[in-house]
Enquirer: 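Sharing a structure, written as structure tokens. Questions coming.
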Amino acid sequence: MSSRVRIEVPEDSGFGLTHLPYGVFRPSGGVPRVGARVGDSVIDLAVALDDPMFAQPSLNAFMTQGPQCWREVRERVRAAAESELPAAAVHSVRAVRSDLPVEVADYVDFYASLDHATAMGRIFRPDGEPLLPNWRHLPVGYHGRAGTVVVSGTELGRPHGQRRTDSGAPDFGPSRRLDIEAELGFVVGVGSPLGRPIPTGDFGEHVFGVALVNDWSARDIQAWEAQPLGPFLGKSFATSLSAWVTPLEALAEARIALPPQYPEPLPYLSDSAPWSLDIALRVEWNGQLVSTPPFSRMYWSPAQLLAHLTVNGASTRTGDLFASGTISGAERGERGSFLELSWGGTEPVEVNGESRTFLADGDEVVISASAPAVGGGRLTLGEVRGRIR
Ligand code: CA
């Protein structure tokens, strides 16, 4: 008879039974498969639930099933986590390798933080209005590169490209102004057909869950190329995604009303259900905490982002990822990019005793986050970690 084990969840774990995020992992020598994280353990769902839907290298086959299936599986995972499991169904999170949890279909990045948009306006247009005229009327965004979304822990090479110089002509070489953007990503489980926008009220019917994002940005490449069509090679070299996707249901206690929106958005953007989220982020640079961006201050809610993304009739697919844009608060210590933290490179940040502006080779950035958990305490979102080679 095979041995059975019971998972111990430490009292202060951010991965308790009311969280249960999903990811894709490889046991030592094994093939990738879907797991749920409980405490410091990963449950192999194909084994524990005896269901081939989880013997897959991504969450997509599960996500496409829809909210009723998501709820049922969550109940089954919780029951499994509380019972004795076959030893073959439980792995230490430290003994497995994480893969990208989602086969990313399309990737869209927004610009939904008022504090971030205002700070960027002040840095780049110090003599003008910080916000451009469209900003309070629609969530500004762009389509990014799905194929270069990588899982947390992936090391990055410094991107090369045409860099803006003070002479007016560009030069070519490795980015000198390599930056991060601390963001929250939303993963679409159930897609929508061409020609049918997703109203704000249907957010929970389509979105499977939430994961942290680091939208790496080469500011010197971006500053030269992005006019007039917006982000391109300064962004597309890599976007890091957490290995764990937190189901929307786990964030029920974190849902809060949006800050006031003025002027009142057009009817298709009106959002009666509170879909802002009280999620507190932390940005660590080489192990030192440098910023604590609050998602609770975001101007546009994720339901408004999805409604806007589809209002022209654009379809969505299982695995679509849309990110909030840099999350910044009003205070200096709440800014979600180093461009803002160092105010365009003019106000260096002290990191472990060194005066710093942008990323140096060998630097590591870890973005983490926590939110109120259902039933009390706090849950911890899966971190997003990345190091520059
Ligand atoms: Ca971004």
Side-chain angles (χ1 to χ4, degrees), residues 102 104 106-124 130-132 134-135 138-150 152 154 156 159 161 175 177-187 210-227 229-242 277 279 281 283 285 290-291 293-295 297-302 304-306 308-309 320-329 334-342 344 358-359 365-367 369 381 384-386 388:
V102 174
V104 180
D106 284 302
Y107 167 49
V108 167
D109 194 19
F110 284 97
Y111 193 58
S113 159
L114 177 63
D115 296 308
H116 172 66
T118 303
M120 296 296 270
R122 291 204 172 116
I123 292 169
F124 290 115
L131 294 182
L132 294 173
N134 61 0
W135 200 88
L138 54 76
V140 171
Y142 69 97
H143 283 87
R145 189 166 185 83
T148 50
V149 177
V150 297
S152 170
T154 305
L156 266 73
S175 172
R177 287 163 71 96
L178 189 55
D179 196 0
I180 65 146
E181 292 188 341
E183 308 192 12
L184 214 52
F186 299 87
V187 180
V210 173
L212 286 168
V213 167
N214 184 348
D215 176 27
W216 304 95
S217 301
R219 301 300 182 191
D220 40 1
I221 297 173
Q222 185 185 359
W224 173 244
E225 72 177 3
Q227 298 158 34
L229 283 186
F232 190 41
L233 304 178
K235 296 279 193 179
S236 63
F237 54 94
T239 306
S240 295
L241 182 70
S242 164
L277 295 164
I279 295 179
L281 282 78
V283 178
W285 191 348
V290 291
S291 180
F295 192 81
R297 283 181 58 86
M298 295 301 274
Y299 189 85
W300 297 103
S301 84
Q304 290 174 319
L305 302 183
L306 185 59
H308 187 64
L309 163 57
D320 276 7
L321 171 68
F322 61 99
S324 60
T326 309
I327 304 162
S328 288
E334 296 178 335
R335 296 173 189 158
S337 69
F338 297 160
L339 177 76
E340 289 163 272
L341 264 182
S342 69
F358 295 97
L359 288 161
V365 175
V366 179
I367 303 169
L381 273 70
V384 62
R385 176 184 294 268
I388 311 303

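Atoms within each ligand, like the ligands themselves, are counted from 1 in listed order.
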Enquirer: Can a salt bridge be assigned to the pair E181 and K235 using a cut-off of 4.0 Å between side-chain N and carboxylate O?
Expert: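 Answer for the salt bridge query: yes.
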Enquirer: Quick one: report the N, O or S atom of D215 that is nearest to the Ca ion (ligand 1).
Expert: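 Sorting the N, O and S atoms of D215 by distance to the Ca ion (ligand 1) puts OD2 first.
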Enquirer: So, for F358 and F338, is the gap between ring centers shorter than 6.0 Å?
Expert: no
Enquirer: Work out the angle at the Ca ion (ligand 1) between OE2 of E183 and OD2 of D109, rounded to 10°.
Expert: 100°
Enquirer: Given side chains that start at C-beta, do those of L156 and L178 come closer than 4.5 Å, heavy atoms only?
Expert: no
Enquirer: Closest N/O/S atom of E181 to the Ca ion (ligand 1), by atom name?
Expert: OE1
Enquirer: For atom OH of Y142, decide whether the heavy atoms of other residues, nucleotides or ligands shown that lie under 6.0 angstrom number more than 12.
Expert: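 Count over threshold, so yes.
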